[in-house]
Amino acid sequence: MLSNGRSYLAIPGPSVTPDRVLNAMHRPAPNIYTGELIDMTYSLMPDLRAVARTDHHVAIYIANGHGAWEAALSNVVSAGDTVLVLATGRFGHGWGEMADGLGVHVETLDFGNSGAFDLGIVAQTLAQDTDGRIKAVLAVYVDTSTSVRNDIKGLRDVMDATGHDALLMADCIASLGCDRFEMDAWGVDVTIAASQKGLMTPPGLGLVWFNDKAAAVRAQMPRVSRYWDWQPRANPEGYWQLFDGTAPTHHLYGLRAALDMIKEEGLENVWTRHAVLARTIWAACDCWGQGGPLTLNIADPAQRSHAVTSICIGSPDGDRLRAWMEDVTGVTLGIGLGREPTDAYFRIGHMGHVNAHMVLGVLGSLDAGLKALNIPHGDGALQSAANVVAAASIAP
Ligand SMILES: *Cc1c(COP(=O)(O)O)cnc(C)c1O
């Protein structure tokens with residue numbers, strides 16, 4: 001009854017697709033041999049580099065994030081090689097499982113589900129690897145299951161300090177275009193993303209950026225799966241090499257529109273918008289938590305993502321609240337993931353095409369839901385959230 005009207009899919013991917021992206025995709029199939037599709041596709045490359053803050057190479061795959069994981073791994077490790085996974089949630093483990101499927105030996109440092117990785121332990125592990133078995137360190141920047149944000153620059157510093165030569169590979173699938181990320185300045189060798197989160201485009205494009213160090217590792221590989229090989233995609237002699245077959249035509253038009261939107265807003269402004277909206281959510285949660293069971297999964301604000309927030313409210317109220325929100329208010333929240341019991345958790349996706357009224361709407365809806373379901377909670381959450389938005393609007 002109250003949910004009719006425009007709904008908000010507030011799950012952490014796929015994110016809200018802007019009308020501008022949808023409209024750009026609404027067109028007849030273009031020619032893939034000559035014509036404007038070709039130039040338009042090449043125009044994406046500098047803007048994709050810009051959004052990852054790199055001057056190096058980028059390859060586009062017709063794939064989701066799991067495909068991008070495998071694509072990146074396939075270029076730098078083969079069966080029998082060793083990688084070190086730094087797990088801070090479900091997605092770190094998932095990337096490790098992908099490597100395991102390729103016959104790669106996976107060592108995992110599991111840092112649990114409620115905080116960032118411990119760089120001291122990483123340093124110890126790397127220092128003990130005196131014969132350099134570890135060929136790559138797999139780090140998820142924002143683990144979408146726990147909503148933790150890891151310190152990628154700090155990881156690079158630790159790798160440099162121990163003199164370890166492994167590649168630093170960062171999964172930025174949830175965070176690119178949301179949380180500040182500086183591939184070159186932070187010394188990341190391989191970056192992975194997908195179209196459907198901060199990049200505001202439907203699922204279907206996997207993105208891999210790599211620097212010259214990673215390209216040199218690729219060049220030493222005994223063989224690389226032809227489809228995943230990033231070399232021809234990043235340095236094509238002809239358009240057909242970009243996708244090793246038919247181009248993902250409509251997705252490319254969608255991505256073009258999304259990158260235009262990011263460029264027009266300015267990447268720094270995009271990051272600031274996400275930061276303010278995240279703080280708005282945290283402010284409300286702090287108030288609710290003062291009079292009830294609600295807690296943010298990541299206690300330390302410095303370790304929280306600006307793209308997604310995982311919240312614990314106790315079993316089975318996570319599930320009850322999600323169902324109530326969808327039925328009554330038209331907001332679909334993300335399920336608990338990577339934490340047990342899953343029905344004690346829910347997640348708010350606030351990545352990409354999200355603004356203050358959408359976030360304030362979710363928070364107002366949550367406040368109503370807590371009341372309707374008789375879940376104890378502190379007062380003043382909405383006021384506190386409004387204060388964050390108000391203060392940001394008048395900040396110099
Ligand atoms: C969404 C996500 C993935 C998986 O992406 P799919 O497109 O669902 O395959 C991997 N890692 C992170 C951090 C993600 O947020």
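Quick note: numbers below take in every heavy atom, side chains included, and nothing from hydrogens, waters or symmetry partners. Numbering of ligands and ligand atoms starts at 1, following listing order.
- The closest protein non-hydrogen atom to atom 5 (O) of ligand 1 is Gly65 CA, 3.4 Å.
- An N or O contact shorter than 3.5 Å is missing between Phe91 and ligand 1 by distance.
- Cation-pi geometry between Lys197 and Tyr141 is not met: the NZ or CZ atom fails to fall both under 6.0 Å from the ring centre and inside 45° of the normal.
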>> Applying side chain to side chain donor-acceptor pair (under 3.5 Å) to Ser114 and Asn297, what does each step give before you reach the verdict?
In response: CA-CA 6 Å; Ser114 53; Asn297 185 48; 5.3 Å; no

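- Shortest contact from atom 2 (C) of ligand 1 to any protein heavy atom: Lys197 NZ, 2.5 Å.
- Against a heavy-atom cut-off of under 4.0 Å, Val142 is close to the following atoms of ligand 1: 13 (C).
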>> Would His251 and Ser195 count as a side chain to side chain donor-acceptor pair (under 3.5 Å) here? Give the steps.
In response: CA-CA 9 Å; His251 277 74; Ser195 49; 5.3 Å; no

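- Geometric assessment of Arg218 against the ring of Trp230 yields a negative cation-pi assignment under the 6.0 Å and 45° thresholds.
- Nearest non-hydrogen protein atom to atom 12 (C) of ligand 1 is Asp171 OD2, 3.5 Å.
- Under the 6.0 Å distance and 45° angle rule, Arg320 does not count as a cation-pi partner of Phe346.
- The closest side-chain donor-acceptor pair between His93 and Thr108, if any, does not fall under 3.5 angstrom.
- Evaluated by nearest non-hydrogen atom to atom 7 (O) of ligand 1, the leading choice among His66, Gln196, Arg90 is Gln196.
- Ligand 1 has at least one atom lying under 4.0 Å from a heavy atom of Trp69.
- Taking every non-hydrogen atom of Ala174 and a distance limit under 4.0 Å, the qualifying atoms of ligand 1 come out as 15 (O).
- Less than 4.0 angstrom separates some heavy atom of Thr144 from each of these atoms of ligand 1: 12 (C), 13 (C), 14 (C), 15 (O).
- Within a 6.0 Å sphere centred on CD of Gln383, heavy atoms belonging to other residues, nucleotides or ligands number 12 at most.
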